[in-house]
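This report refers to the structure that appears directly beneath it.
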Amino acid sequence: MTFLIANWKMNPQTTREARVLFEEIIDVGRLKNIETVICPPFPFLSIFGSPKSIRLGSQDIFWEAQGPYTGQVSGKMLKDLGCDYVILGHSERRQYAGESDEIINAKLKMALKCGLAPILCIGERAGEEMGEVLAAQLNGCLKDISKTEIQDIIFVYEPVWAISSGIVGTGKPCLPDDALSAGLFMKKIITGLYGRFLAEKTAIIYGGSVDSKNAASFIREARMQGVLVGGASLDAEEFSKIADSLNNLT
Ligand code: PGA
């Protein structure tokens, strides 16, 4: 199974535009062997009906189940809206919402408890040492996560410097060889925490400036099990091309 995950971030701006974009990409979900997940902003989660071929994911969750937490959204609400996935640990939430590994760990536990599969992003910023950052983030985010739970997590290697938009990205593409090294390193850390058998079964995907020209190389050359797409997921034609390029590999 290859994952194609769209992170719409804080786009588009109206319900009408979100509906149009969704209608334009709905056919992508019909490709066999590809699990297509769309992660729109919260307000749009309920406007697509119950799509059969495309799965829904949210871009955040709160770590408490319910109660006096102004502005927060619970896992149960997300499940009720039809979500199966939730993005966690994204560098933009670390940057703008001050999320630490401890907070991400608490959210990860709540997501798993609610039956939402976490899409856990980790990656180094420009100038940071890849191995050091990945080891620290994995150890911190996975604290007290069991051997059963680990199997539901999709790990994303997303070097922050390779993200196409935003102020933290450099726009410099990550080469498949570098993504391969990072993926192998992540498997090594996960092996240390959970053993070789589970580590080998773990899904690791790549994120950061993915487009229709490079998407397949991350599967073929970097041995990733899918891609997380930001900017290019807002362009229906480009997103469909990415899906086709992945589908041609299977
Ligand atoms: P990008 O974003 O594809 O626009 O680089 C990816 C992400 O931040 O998830």
Side-chain angles (χ1 to χ4, degrees), residues 2-13 18 21 25 28 34-42 44 54-61 83 85-99 104 107-108 111 117-126 128 130 133-134 137 141 153-176 178-179 182-183 186 203-219 222 224-246:
T2 304
F3 291 97
L4 173 57
I5 304 177
N7 177 9
W8 284 6
K9 307 193 180 185
M10 202 167 72
N11 302 292
Q13 297 308 306
L21 180 57
I25 58 170
V28 167
I34 294 188
E35 172 91 331
T36 308
V37 185
I38 306 295
C39 303
F42 287 138
F44 304 145
I54 286 187
R55 307 282 209 109
L56 284 180
S58 76
Q59 296 176 19
D60 191 23
I61 183 177
C83 284
Y85 293 89
V86 53
I87 296 175
L88 290 173
H90 196 282
S91 58
E92 285 152 17
R93 290 209 58 82
R94 289 177 185 266
Q95 168 99 359
Y96 304 118
E99 290 195 5
I104 296 158
K107 291 186 169 189
L108 198 71
I119 299 163
L120 177 63
C121 303
I122 59 171
E124 78 283 5
R125 302 166 70 105
E128 288 181 335
M130 181 264 280
V133 173
L134 295 186
Q137 290 183 341
C141 295
I153 302 174
I154 296 161
F155 292 85
V156 189
Y157 172 58
E158 185 161 78
V160 181
W161 49 265
I163 294 177
S164 70
S165 46
I167 53 163
V168 285
T170 58
K172 198 178 128 211
C174 175
L175 299 173
D178 296 329
M186 286 163 70
I204 301 182
I205 70 172
Y206 171 79
S209 293
V210 171
D211 59 26
S212 62
K213 289 187 197 74
N214 64 22
S217 67
F218 290 110
I219 315 294
M224 293 284 164
Q225 215 183 307
V227 286
L228 173 65
V229 189
S233 73
L234 298 168
D235 176 339
E237 203 184 323
E238 178 67 2
F239 190 65
S240 303
K241 276 194 201 159
I242 294 174
D244 287 338
S245 73
L246 301 187

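Start at 1 and go down the list; that is how both ligands and their atoms are numbered.
Remark: minimum distance from atom 9 (O) of ligand 1 to any protein heavy atom is reached at Glu158 OE2, 2.9 Å. Ranking protein heavy atoms by distance to atom 2 (O) of ligand 1, first place goes to Lys9 NZ, 3.3 Å. Of the protein's non-hydrogen atoms, Gly230 N, 2.9 Å is the one closest to atom 3 (O) of ligand 1.
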task: Apply side chain to side chain contact (heavy atoms under 4.5 Å, CB included) to Arg125 and Gln95, showing your working.
output: CA-CA 11 Å; Arg125 302 166 70 105; Gln95 168 99 359; 3.2 Å; yes
task: Please step through side chain to side chain contact (heavy atoms under 4.5 Å, CB included) for the pair Lys107 and Asp60, ending with a clear verdict.
output: CA-CA 8 Å; Lys107 291 186 169 189; Asp60 191 23; 2.7 Å; yes
field: Audit row: Ile122, Val156, side chain to side chain contact (heavy atoms under 4.5 Å, CB included) steps and yes/no
entry: CA-CA 6 Å; Ile122 59 171; Val156 189; over 6 Å; no
- prompt: Stepwise, does the side chain to side chain contact (heavy atoms under 4.5 Å, CB included) test hold for His90 with Ile163?
  reply: CA-CA 11 Å; His90 196 282; Ile163 294 177; 4.1 Å; yes
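Judged by distance alone, the side chain of Asp235 and the main-chain N or O of Ala232 form no donor-acceptor pair under 3.5 Å.
By the side-chain hydrogen bond (donor to acceptor under 3.5 Å, both in side chains) test, Gln225 pairs with no residue at all, sequence neighbours left out. Legend: residues meeting side-chain hydrogen bond (donor to acceptor under 3.5 Å, both in side chains) with Glu238, ordered by chain and number and at least two apart, are Ser212.
In the vicinity of Ser164, heavy-atom distances shorter than 4.0 Å reach the ligand 1 atoms 1 (P), 4 (O), 5 (O). Per-residue contacts place Gly208 under 4.0 angstrom from the following atoms of ligand 1 (heavy atoms of the residue considered): 5 (O). Atom numbering of ligand 1 starts at 1 in the shown order; those under 4.0 Å from a heavy atom of Gly231 are 1 (P), 3 (O), 4 (O). In summary, the atoms of ligand 1 found under 4.0 Å from a heavy atom of Leu228, numbered by their order in the structure, are 9 (O).
At a 4.0 Å cut-off, at least one heavy atom of Ser209 sits close enough to ligand 1 to count as contact. Under a 4.0 Å heavy-atom criterion, Ala232 is not in contact with ligand 1.
Counting heavy atoms closer than 4.0 Å to ligand 1, residue Asn7 contributes side-chain atoms (C-beta onward) but none from N, CA, C or O.
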